[in-house]
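Throughout, a chain's letter reflects where its sequence line sits, starting with A, and its residues are numbered from 1.
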Amino acid sequence: MAVEAFAKTNLMEDMDDDDDMPLVFKRSSTTSKQNQSNSSSQKQDGRSGRQVPDIRSPNGQSSSTHKVKTVTSSKASPAVSPLTSPKASPLSSRTSPAPNSRPSSSAGNQAKNVNQQSNVTPKESKQAVEPKSEPNDEAEDSDDDKLLSSRVPSGLSKSTSVHAKKVLCTSTSVQKSRPPKKEDSDDETPLASRFPMKSNAGASTSKFSSSEEVKPKIRQNGLPSATVLSKRPPGEVKSAAQASVKKPRLSDASTPVSSKQPPFKTEKKTEDDDDDVPISQRIKKAVDSASASASKVSYVKKATKVVSSSMKKTKKKLKKPKYSKSSKLQPSSGDGQKWTTLEHNGVIFPPPYKPHGVKMLYKGKPVDLTPEQEEVATMYAVMLDTEYMTKEQFKENFMNDWRKILGKNHVIQKLEECDFTPIYEWHQSEKEKKKQMSSEEKKALREEKLKQEEKYMWAIVDGVKEKVGNFRVEPPGLFRGRGEHPKMGKLKRRIRPNDITINIGKGVPVPECPIPGQRWKEVRHDNTVTWLAFWNDPINPREFKYVFLAASSSLKGQSDKEKYEKARRLKDYIEGIRSAYTKDFASKDPVKRQIAVATYLIDKLALRAGNEKDDDEADTVGCCTLKVENVEPVPPNILKFDFLGKDSIRYQNEVAVYEPVFKAIQQFRSGKKGSDDLFDKLDTSKLNAHLKELMPGLTAKVFRTYNASFTLEQQLTKLTQGGELADKIAVYNVANKEVAIICNHQRTVSKSHSVQISRLNNKIDELKAILEEFKVDLARAKKGKPPVKGADGKAKRNLTPQALQIKIDQTNVKIDNIERQIDTKEELKTVALGTSKINYLDPRITVAWCKRHEVPIEKMFNKSLLAKFAWAMDVEPSFTF
DNA sequence: AAAGGGACTTGGCAACAATTTG
DNA sequence: CAAATTGTTGCCAAGTCCCTTT
């Protein structure tokens, strides 16, 4: 029943409508949201420190998992395949920390990248050097689908590497052998084109198999069929289904249409969720109005709701009739139309500036400033304790903009002579004051604000009340660019109504301009876009700032779902794509060679595409914009990456690659300077255009989603083994961490980190002292002697040896727990798990896993994630990515 | 093909809120 | 109960990827 219960969870639906947000999803029975433990703390037998995840999963196994409520511990882990084991080195040894060196901060200690860091050496070298060909071919089949990502060497995931090795790197033998088979001749033919052909042939078969497979479920990834490339089942399968579709035009990422029958899913969907389908499909063709309407109906009824006891307020007001929050997504209609009716109240502006009158000093003397001048001075003063004060660029940009407001002949001429501390201190004391307010006062304030903002918080889209994401106009301030942004410190001026364009349904009232005497810049009625309002970014006028619906809205949910469906589809094409680019590593056409290598890197390392950037932006790169100096080849086949990626987060990694790739990189570098583009014949549009030939709608970023979700599922399958709830949660976190590392989602080490660690160490010391004492007492008790005196000099109670032994055991457990806590804390100090959870991991994987293992979903997803992923909550327990 | 406009997703962090600890 | 921690949310910067125009 757990399962069942789960399924029911749903959001509330219409009737109750209460508008407030509380949607709670709970499982009926247990629930208890409250005690969330911190995952980390628990004990677990299973995972010892070294869990090196090895991605390779075994076959997968058993299908039946679902439905089983009981434990089943044995399930997944069959013996580990031999392959795996080799790699599993003890990496656990602490990964050496410091992965990230953020530019700004820390200096460099970082070792290498998150991934492999220190330990690289040993194993790495080994691998690198000796390519192992071990991987058997057949084994291969089973895992064909694996991701490449595994950076080989990396510490943590070494296992992953297995795959890598096999497929991509090294083993010459392997590699070689493979390609030949399939490819045979046509190098140039796009895979896509090839697929179809084959598919036809096998269509019938494929269909079968596919369906069958589905049911059994779990296995999936193995796509056994993959076996020999030559068949490339996936491709075919798919193609068959879609063949027709594609032609029509494609580009739409969303797939096609009619396809309702995509091989795999078909089956399942029938069961219960039809919702899957609709979404993407309708896109194009569709639109069959008929169907559309139909679907709508269905979705409505579908929602079942379970109201938890806790939902108290549910019934409050019913203002507008229908706010349903069904988890079902409504179909999007073809042609780009995003909504039919749209109502909202516009945006809210920050309050006007209130002068404080605190005077800053110039050359030691107080200066009078107009409110406008003071406002800007305050923006700067408030940042006195930030890193920005160490950046010349920031100060210079600030001064240039401030000077415009001060006027040419103002007393204040040089920033160096300015002393903003009075304002800074005033600000600090204001902050303090606020902090000191009683909780009632704070609450009152909050309510006040809420009341004021409430009307802006919601929009009604196609009759459904949806939350608006950011309805507050950005207040003026100094631009805080990341990394070495050329524009940091510039004044971001105040936005006024006449900077703003409103988008709203026709025939509904246009939000009144909240500032008297002013008006909106423009009002549009464009239902092909989802934004409610936008204005030009004051820092870069050619860019825009949009107001969108919140992540929990069905409009966002729908596209989120489509994103994951597309990534899932990639699974069916990946093998063909890999074999195609593998072949192209040696192509004589340099463009092809670069595309092949770039695709390989994106596939294996989950790199971002890497669009070109302007000079007035921070200098960061992605795959297509890598510079020669960012990739250093170290014979025999290691590539050392070191560059600043998005948000100027450093990416450092050492990876053993397939030899042709290594050679190609060396060749791309030859004759160039360090600052030259590594891929000089490539850019993201060429790359994506190529990817699109391989799979409809495929772009570089899909690989990241695919890689992340695939890895999560794989890790969960591999690591989950019965045990306590806490153990399962720990497993999930380990899997999540793997993904975060692959995606290079970093965070800065909190300032209190070292303090926290030493505090824990102290605790361990204390416990150890206690432990020793117990041991002494135990020895004495056995001889019938009384315990020694405690530190405080007081005599202790006499305990039996058994009782003492219990105490000793308990203390040991405590120590172990703390040690484990230290380990995870250390491991996660630079890794951010949230980003992947929000953006890369198909929530259905998590939901299905929770259902299978009786883990309450609210242990994994917080309230906002539950709302964002409402569309995924009723997935079957047997779902596989 | 390159440039530019446009829309939407992805990201890290700081402020806040909720909990746990001492 | 205050202080310390940890979890959430808001903020807004920074990417990706289209699509249209030159």
Side-chain angles (χ1 to χ4, degrees), chain A residues 33-41 100 102 251-253 336 338 386-387 431 434-435 439 442-443 446 469-475 477 479-483 485 487-488 492 501 503 526 528-531 534 536-537 539-551 555-556 559-560 563 608-614 617-618 620-625 644-649 683-689 691-692 697-702 704-705 708 740 743-748 750 752-753 755-756 759 763 825 830 832-840 861-865 867:
Chain A
K33 58 174 7 128
Q34 63 200 126
N35 34 285
Q36 308 269 141
S37 46
N38 355 302
S39 42
S40 49
S41 57
N100 68 324
R102 256 63 180 309
S251 41
D252 36 343
K338 300 289 176 46
T386 69
E387 281 272 293
K431 265 205 311 205
K434 212 158 155 201
K435 206 160 31 164
S439 49
K442 285 185 189 164
K443 191 160 157 220
R446 237 181 298 140
N470 54 323
F471 48 84
R472 294 178 197 89
V473 171
E474 294 177 17
F479 177 69
R480 288 145 122 104
R482 318 222 176 114
H485 196 118
K487 297 197 171 185
M488 64 169 82
K492 206 168 69 158
T501 298
N503 189 37
D526 184 353
T528 66
V529 296
T530 66
W531 52 264
F534 85 85
N536 288 84
D537 177 4
I539 293 297
N540 195 334
R542 32 197 6 167
E543 293 182 350
F544 321 91
K545 297 286 198 174
Y546 294 92
V547 172
F548 290 116
L549 292 176
L555 221 43
K556 292 287 193 189
S559 69
D560 209 30
K563 170 182 77 183
R608 295 188 184 84
N611 285 311
E612 296 296 330
K613 300 192 71 185
D614 282 349
E617 298 178 275
T620 62
V621 305
C623 186
C624 293
T625 42
L644 295 185
K646 182 177 178 180
D647 291 318
S648 291
I649 296 295
D683 62 37
T684 54
S685 63
K686 288 197 191 79
L687 179 66
N688 283 334
L691 294 176
K692 252 176 219 44
L698 184 62
T699 62
K701 82 189 258 267
V702 179
R704 285 194 115 213
T705 308
C743 294
N744 200 37
H745 290 147
Q746 300 191 211
R747 61 176 186 158
T748 53
S750 82
S752 60
H753 177 78
V755 179
Q756 291 172 23
R759 204 189 313 258
K763 219 182 268 181
K825 203 165 220 160
T830 59
L833 301 186
T835 307
S836 49
K837 224 172 185 175
I838 295 170
N839 301 301
Y840 290 102
F861 291 155
N862 62 30
K863 204 171 99 193
S864 42
L865 253 18

Go through dG15(C), dC18(C), dC12(C) for me and flag the one nearest to the K692(A) side chain. dC18(C)

Which nucleotide, dT9(C), dA14(C), dG11(B), lies nearest any side-chain atom of S864(A)? dT9(C)

Please determine, for the side chain of N611(A), which listed nucleotide (dC8(B), dC17(C), dA17(B)) has the closest atom? dC17(C)

Just call it for A618(A): base, sugar-phosphate, or nothing, with non-hydrogen atoms closer than 4.0 Å on any strand. nothing

NZ on K556(A) to OG1 on T530(A), rounded to 0.5 Å: 5.0 Å

Per nearest nucleotide of DNA chain B, the residue lying toward the 5' end, F534(A) or Y840(A), is F534(A)

Specify the residue among G469(A) and H485(A) whose closest nucleotide of DNA chain C lies further upstream toward the 5′ end. G469(A)

Quick one, T501(A) and W531(A) - any side-chain contact, counting heavy atoms below 4.5 Å? yes

Short side-chain to backbone donor-acceptor contact, N839(A) and T705(A), under 3.5 Å: no

Under 4.0 Å, counting only non-hydrogen atoms across every strand here, what does K825(A) touch: a base, just sugar-phosphate, or nothing? sugar-phosphate

Counting heavy atoms from C-beta on, name the nucleotide in dG11(B), dA7(B), dA13(C) closest to the side chain of E474(A). dA13(C)

Please work out if Q756(A) contacts a base, only the sugar-phosphate, or nothing of the nucleic acid, heavy-atom cut-off 4.0 Å. sugar-phosphate

What does K435(A) touch in the nucleic acid at a heavy-atom separation under 4.0 angstrom: a base, only the sugar-phosphate, or nothing? nothing

Would you mind classifying the nucleic acid contact of P475(A) as base, sugar-phosphate or nothing, using non-hydrogen atoms under 4.0 angstrom? sugar-phosphate

Look at all strands and tell whether T620(A) reaches a base, only sugar-phosphate, or nothing, counting heavy atoms closer than 4.0 Å. sugar-phosphate

For K646(A), which contact category applies under a 4.0 Å heavy-atom criterion: base, sugar-phosphate, or nothing? base

Remember a base hit wins even if backbone is also touched, and classify T530(A) as base, sugar-phosphate or nothing at under 4.0 Å, heavy atoms. sugar-phosphate

Kindly point out which of dC17(C), dC16(B), dT9(C) is positioned nearest to the side chain of N862(A)? dT9(C)

Is a side-chain donor or acceptor of K487(A) paired with a backbone partner of F479(A) at a separation under 3.5 angstrom? no

Run through I649(A), L644(A), D647(A) and flag the one making a side chain to side chain contact (heavy atoms under 4.5 Å, CB included) with R482(A). D647(A)

Picking from dG11(B), dC8(B), dC18(C), the nucleotide nearest the side-chain atoms of W531(A) would be dC8(B)

First of R480(A) and G610(A) reached from the 5' end of DNA chain C, by closest nucleotide: R480(A)

Remember a base hit wins even if backbone is also touched, and classify R608(A) as base, sugar-phosphate or nothing at under 4.0 Å, heavy atoms. sugar-phosphate

On DNA chain B, check which nucleotide each of A832(A) and N536(A) is closest to and give me the residue with the more 5' one. N536(A)

At under 4.0 Å between heavy atoms, what does G834(A) touch on the DNA or RNA strands: base, sugar-phosphate, or nothing? nothing

